[in-house]
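Worksheet: one structure, shown below.
Every chain is numbered from 1, with letters handed out A, B, ... down the list of sequences. Keep in mind that what you see is a predicted model, and the values were worked out from it rather than measured.
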Number of protein chains: 2
Amino acid sequence: MENQNISDIIESYLKQILAESQQVEIRRAEIANQFNVVPSQINYVIKTRFTIQDGYVVQSKRGGGGYIRIEKVKLLDNLDFIDSLVTAVGDRISRHDSLSVVRSLFEAGAINRSEANIILAAINKDAINTGDRQADEQIRAQILISILNHLRYES
Amino acid sequence: MENQNISDIIESYLKQILAESQQVEIRRAEIANQFNVVPSQINYVIKTRFTIQDGYVVQSKRGGGGYIRIEKVKLLDNLDFIDSLVTAVGDRISRHDSLSVVRSLFEAGAINRSEANIILAAINKDAINTGDRQADEQIRAQILISILNHLRYES
DNA sequence: ATAATATTAGTCAACATTAGTCAAGAACAC
DNA sequence: GTGTTCTTGACTAATGTTGACTAATATTAT
């Protein structure tokens, strides 16, 4: 049933480690070799699956002894956390990134599963579809920010 | 029963799988090839025969390892009620009228207070404000309908 | 110390691989 | 005949893969 591409597999591998450890440190070339992909694909995986919206912070160093370190971010108290999400949303946000925001809210305990699902219904493609992508991304951002601001005092 | 068109046949094929499994995941091109139709016909079949009214939720992903996943969901017993609200919302809805819709949902027990508040945050003036009143009313309608459709089933 | 070289990771654009949309015409039902 | 449903394909969009080139850091040679 699971029809996975290699990026998904690498993502799973890293998240499996992160499930038991606060952080994971890799050598890019080594992982690339292990999964038989070009090194830059590791950057792609990180860029698309380990963003701050997803709750990860990435640090790296080049040169001899270089590394990429992925750290699962500790959720601050709710207010700072919501601030950081508001910043992350900004003036406009893609559908993909907005999913990460909702997931982060859920994982932080700011919303429960049914609340998350309602928010997802409010920002999905059926809900926001004016025909102008940029307009859609702006509306999506405004809705998310309105909800985030509501969550500031509700919770 | 005799003269089934190809869309009906593809529908049967998928529903046969769904009779034994909660969900089915396909590669569009593969199924199209199997039934000797163009890929977009699969979209047609899904759009006309696997709607939320029928009790199906569809998700998909493009790119390498892409898929279309059809999930059979358990519909709740509030369908007529939801239908009536969807009709009431229509193509566009004023802010004032949308408050009534949310109130109805709350009073019917379809949502609790914090869910209601999230929905209100999603459709209030801060959230939806393009400068064009008619556009705002259309967006508000789409968001509400998307949420209403979500409330049809257990998730 | 400084320069040269080696060893890492980062960026970006081209290409590949999927699914989605839309509108025109065909087939069908009445 | 008319209106609806079905079929098709051209075009679009999203996502993934690859490799050439760049940048940063460490190590070695002088």
Side-chain angles (χ1 to χ4, degrees), chain A residues 2-14 24-51 54 57-71 92-100 124-137 140, chain B residues 1-14 24-51 54 57-71 142:
Chain A
E2 295 311 320
N3 171 21
Q4 287 192 314
N5 55 55
I6 190 70
S7 289
D8 287 340
I9 293 169
I10 295 169
E11 174 191 5
S12 302
Y13 170 78
L14 295 172
V24 55
E25 187 172 305
I26 62 173
R27 251 181 273 142
R28 187 180 76 152
E30 194 174 274
I31 297 295
N33 191 58
Q34 182 176 329
F35 289 96
N36 205 37
V37 297
V38 296
S40 61
Q41 179 137 13
I42 307 306
N43 297 86
Y44 175 74
V45 170
I46 287 171
K47 195 172 153 192
T48 54
R49 291 150 163 90
F50 293 89
T51 68
D54 295 311
V57 168
V58 179
Q59 297 167 301
S60 65
K61 199 170 91 168
R62 309 186 194 187
Y67 58 83
I68 299 177
R69 183 161 50 220
I70 305 173
E71 189 184 352
R92 68 177 71 115
I93 187 169
S94 70
R95 234 181 95 255
H96 178 270
D97 287 349
S98 67
L99 299 188
S100 299
N124 77 13
K125 202 177 42 169
D126 295 329
I128 303 177
N129 185 8
T130 65
D132 173 348
R133 173 160 33 178
Q134 187 157 316
D136 287 351
E137 295 195 339
R140 196 181 291 114
Chain B
M1 212 48 135
E2 294 298 311
N3 262 343
Q4 283 194 315
N5 58 48
I6 189 68
S7 289
D8 288 339
I9 293 170
I10 295 169
E11 174 190 5
S12 302
Y13 170 78
L14 294 172
V24 55
E25 188 173 304
I26 62 172
R27 254 182 266 141
R28 187 180 75 151
E30 197 174 89
I31 298 295
N33 191 57
Q34 183 175 328
F35 289 95
N36 206 36
V37 297
V38 295
S40 62
Q41 179 135 13
I42 307 305
N43 297 87
Y44 175 75
V45 171
I46 287 172
K47 195 170 152 194
T48 54
R49 291 149 162 90
F50 293 88
T51 69
D54 299 316
V57 169
V58 179
Q59 296 170 297
S60 66
K61 197 168 99 168
R62 309 186 195 186
Y67 58 81
I68 299 176
R69 183 160 50 220
I70 306 173
E71 187 188 357
Q142 288 178 307

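Regarding A:Arg69, its CZ atom lies at a distance of 14 Å from the C1' atom of C:dA9, rounded to whole Å. Atom CZ in B:Arg62 sits about 10 Å away from atom P in C:dA19, given to the nearest Å. One interatomic measurement links the two molecules: CD1 of A:Ile31 to C1' of C:dT8, which rounds to 15 Å at whole-angstrom precision. One atom, CD of A:Gln4, and another, P of C:dT17, lie 19 Å apart when rounded to the nearest Å. Rounded to an integer number of Å, the gap from CG of B:Asp8 to C1' of D:dT4 is 14 Å. Put simply, CG on B:Asn43 is 13 Å from C1' on D:dG9, counting in whole angstrom units. Note: CD (B:Gln41) to P (C:dA27) measures 14 Å, nearest angstrom. The separation between A:Phe35 atom CZ and D:dT18 atom C1' is 18 Å, rounded to whole Å.
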Report task. In sequence, state the C-alpha distance, the side-chain angles, and the governing distance for A:Asn36 and A:Ile6, and then conclude on side chain to side chain contact (heavy atoms under 4.5 Å, CB included). Result -> CA-CA 9 Å; A:Asn36 205 37; A:Ile6 190 70; over 6 Å; no

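Minimum atom distance to the side chain of B:Ile68 is reached by C:dG20, of the listed C:dG20, D:dG19, C:dT8. Listed nucleotides: C:dA19, D:dG16, C:dT21. Nearest to the side chain of B:Ala29: C:dA19. Among the nucleotides C:dG10, D:dC6, C:dT8, the one closest to the side chain of A:Ser60 is C:dG10. Among C:dT18, D:dG16, D:dA24, the nucleotide with an atom closest to any side-chain atom of A:Asn5 is D:dG16. Distance from the side chain of A:Val38 is smallest to D:dG19 among D:dC6, D:dG19, D:dG16. For B:Ser7, taking side-chain heavy atoms from C-beta onward, the closest of the listed nucleotides D:dC6, C:dT18, C:dA9 is D:dC6.
Among the protein residues, B:Ile42 comes within range of no part of the nucleic acid, since none of its heavy atoms lies under 4.0 Å from any strand. Looking at heavy-atom distances under 4.0 Å, A:Ser40 makes contact with a base. Residue contacts for B:Arg49: at a heavy-atom cut-off of 4.0 Å it reaches the sugar-phosphate backbone alone, with no base atom in range.
Residue-to-nucleotide proximity on DNA chain C shows that, of A:Lys125 and A:Arg27, the 5′-proximal contact is made by A:Arg27. Both A:Val37 and A:Gly64 lie near DNA chain D, and the one whose nearest nucleotide falls closer to the 5' end is A:Val37. The residue among B:Gly63 and B:Ile6 whose nearest nucleotide of DNA chain D lies closer to the 5′ end is B:Ile6.
The minimum heavy-atom distance between A:Arg140 and A:Ile128, with the atom names listed, is CA-CD1, 3.9 Å.
Side-chain contact between A:Glu137 and A:Ser98: absent, with no pair of heavy atoms (C-beta onward) separated by less than 4.5 Å.
Side chain of A:Asp54 to backbone of A:Ser100: no donor-acceptor contact under 3.5 angstrom is found.
The residues A:Asp8 and B:Lys61 are annotated as salt-bridged, a charged nitrogen and a carboxylate oxygen being separated by less than 4.0 angstrom.
One can find a donor-acceptor pair under 3.5 Å joining the base of C:dG20 and the side-chain atoms of B:Arg28.
A:Lys61 has a side-chain polar atom (N or O) that falls below the 4.0 Å cut-off from OP1 or OP2 of D:dA26.
Remark: the A:Asn43 side chain and the A:Ser40 side chain contain no N/O donor-acceptor pair separated by less than 3.5 Å.
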